[in-house]
Amino acid sequence: MPTLGRFHYLEAIPPASSHGGGRRGNREAGTLLLIHGFPLTARMWEPQLELARRGWRVIAPHLRGFGGAPAVPAPARSLDDFAGDLVDLLDALHVGEAVVGGLSMGGYIAFALIRRAPRYVRGLILADTRAQADSPEALEARRRLLAAVERVGASAAADEMLPKLVGSRTRTDQPQLVETLRAMILGNPAETIAGAITALMTRPDSQPLLATIACPTLVIVGEEDGITPPPMSEAMQRAIPGAELVVIPAAGHMSNMEQPAEFNRAVADFLDRRL
Ligand code: MLT
């Protein structure tokens, strides 16, 4: 895995002969920056690394403290902390703009980038995410989870999240995927997870931002997503000018891992047509 100072990230580079079936001949199409969900790691994006064959340089960083990345200068406690790290990483890589894709918490962080540093965002992929801030009930559940993570560690987050992350078809047909997710969660330090819970709890309502988004945008959601159900994605698509929506059949919240071929087809089609 490449590292650059404090940054650890997965990377896939287009092969020299790549023409990707796209419209650009042999020209590299640009950078696709993929932001992982809570409380996971960049490894959730492994099935998307093959998008490099379509001519895109794919970069998927471990967010601060996750996946073995160092939590320096301290665990992040706001989505702006994570977004600032991503700007620093893009600067360090000399990438002036990227198509930014985020799943769930990754989508919330993509909104923070749009808010704070829009010039880095050339296109947007919002997967299994929502624009709303936490409701009072959701905040109460987060407080309970935060206390449990501080008391018993990452296993509390795994116990809370795993029953909700994948759809019923995946649970039956791909039980190993749940174990992959469990291993990702258990590998993360409790302080990192606790900081991220605080970041989730304090995130702003991004609904007023949606009408101002000026870049090509794709909204994706698993049809069985119980954490950010399809109606939330439909509302986001309606509110973002020119946005497109793809619903992935037989997938829950982790639509990119549960149905990678469908997910990648949707992303590749969007990139080819709109970027
Ligand atoms: C995620 O997948 O990142 C989380 O479910 C986000 C959340 O809990 O709001």
Side-chain angles (χ1 to χ4, degrees), residues 1-12 31-49 58-93 95 98-117 120-121 124-130 142 145-146 149 153-154 157-158 160-161 165 180-204 206 227-228 253-254 256-257:
M1 165 163 320
T3 62
L4 187 60
R6 65 194 165 102
F7 302 113
H8 295 200
Y9 55 96
L10 304 181
E11 180 175 29
T31 298
L32 180 59
L33 175 74
L34 297 175
I35 314 172
H36 67 77
F38 168 85
L40 301 170
T41 77
R43 296 216 173 275
M44 63 160 275
W45 292 115
E46 275 170 354
Q48 279 63 54
L49 295 178
V58 184
I59 296 176
H62 291 315
L63 293 170
R64 192 193 302 182
F66 288 94
V72 290
R77 292 173 59 82
S78 77
L79 296 180
D80 285 349
D81 288 340
F82 289 126
D85 287 345
L86 295 176
V87 166
D88 289 347
L89 173 62
L90 290 175
D91 284 349
L93 293 169
V95 172
V99 175
V100 174
L103 185 136
S104 201
M105 180 179 77
Y108 311 158
I109 295 168
F111 287 137
L113 273 173
I114 292 268
R115 196 175 283 113
R116 300 286 183 188
Y120 288 88
V121 186
L124 195 56
I125 300 169
L126 298 168
D128 299 279
T129 192
R130 59 153 74 87
R142 300 263 197 224
L145 178 58
L146 182 56
V149 167
E160 168 75 17
M161 298 303 293
L165 284 178
T180 302
L181 290 164
R182 186 191 309 279
M184 269 187 229
I185 298 173
L186 294 181
N188 288 324
E191 312 77 65
T192 292
I193 296 176
I197 295 170
T198 304
L200 292 169
M201 291 173 73
T202 53
R203 76 182 191 279
S206 291
I227 297 181
T228 50
H253 192 58
M254 301 305 301
N256 73 304
M257 297 178 79

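Residue-environment remark: CZ (Arg6) exceeds the threshold of 12 foreign heavy atoms within 6.0 Å.
Under the 3.5 Å distance criterion, the side-chain polar atoms of Gln48 are matched with a main-chain donor or acceptor of Asn256. A donor-acceptor contact shorter than 3.5 Å links the side chain of His62 to the backbone of Ala42. Side-chain atoms of His36 come within 3.5 Å of backbone atoms of Leu63 as a donor-acceptor pair (strictly under, hydrogens ignored). Of the possible polar contacts, one joining the Arg64 side chain to the Ala74 backbone as a donor-acceptor pair under 3.5 Å is found.
In terms of heavy atoms, Met44 sits closest to Gly37 at SD-N, 3.5 Å. Between Ala110 and Leu124, the shortest heavy-atom distance links the atoms CB-CD1, 3.9 Å. Between Gly107 and Thr129, the shortest heavy-atom distance links the atoms CA-OG1, 3.7 Å. Minimum interatomic distance between Asn188 and Gly67 (heavy atoms only, all atoms of both residues): OD1-N, 2.8 Å. Of all heavy-atom pairs spanning Ala190 and Val149, the tightest one is O-CG1, 3.6 Å. Asp85 approaches Phe7 most closely through the heavy-atom pair O-CE2, 3.4 Å.
Two residues are said to be in side-chain contact when any heavy atoms from C-beta on lie closer than 4.5 Å; Trp45 and Leu103 meet this criterion. Residues Val100 and Leu86 are not in side-chain contact: their nearest non-hydrogen atoms beyond the backbone lie 4.5 Å or more apart. The side-chain heavy atoms of Ile197 and Pro39, taken from C-beta on, include no pair separated by under 4.5 Å. The closest side-chain heavy-atom distance from Phe66 to Leu40 is not below 4.5 Å. Side chains of Val87 and Tyr120 form a contact here, defined as non-hydrogen atoms less than 4.5 Å apart. Looking only at side-chain heavy atoms (C-beta outward), Met105 and Ile35 stay at 4.5 Å or farther from each other.
We find the CD1-CZ distance between Ile109 and Arg203 to be 11.0 Å, quoted to the nearest 0.5 Å. Atoms OH and CG, on Tyr9 and Leu93 in that order, are 4.5 Å from each other to the nearest 0.5 Å. Taken from CG in Leu90 to CG in Leu113, the straight-line distance is 7.5 Å, to the nearest 0.5 Å. With rounding to the nearest 0.5 Å, the separation of CZ in Arg130 from OG1 in Thr228 is 6.5 Å. If you take CG on Leu49 and CD1 on Ile59, they are separated by 11.0 Å, rounding to the nearest 0.5 Å. Residue His253 holds its NE2 atom at 4.0 Å from CD1 of Ile227, rounded to the nearest 0.5 Å.
For the residue pair Ser206/Arg115, the side-chain donor-acceptor check at 3.5 Å is satisfied.
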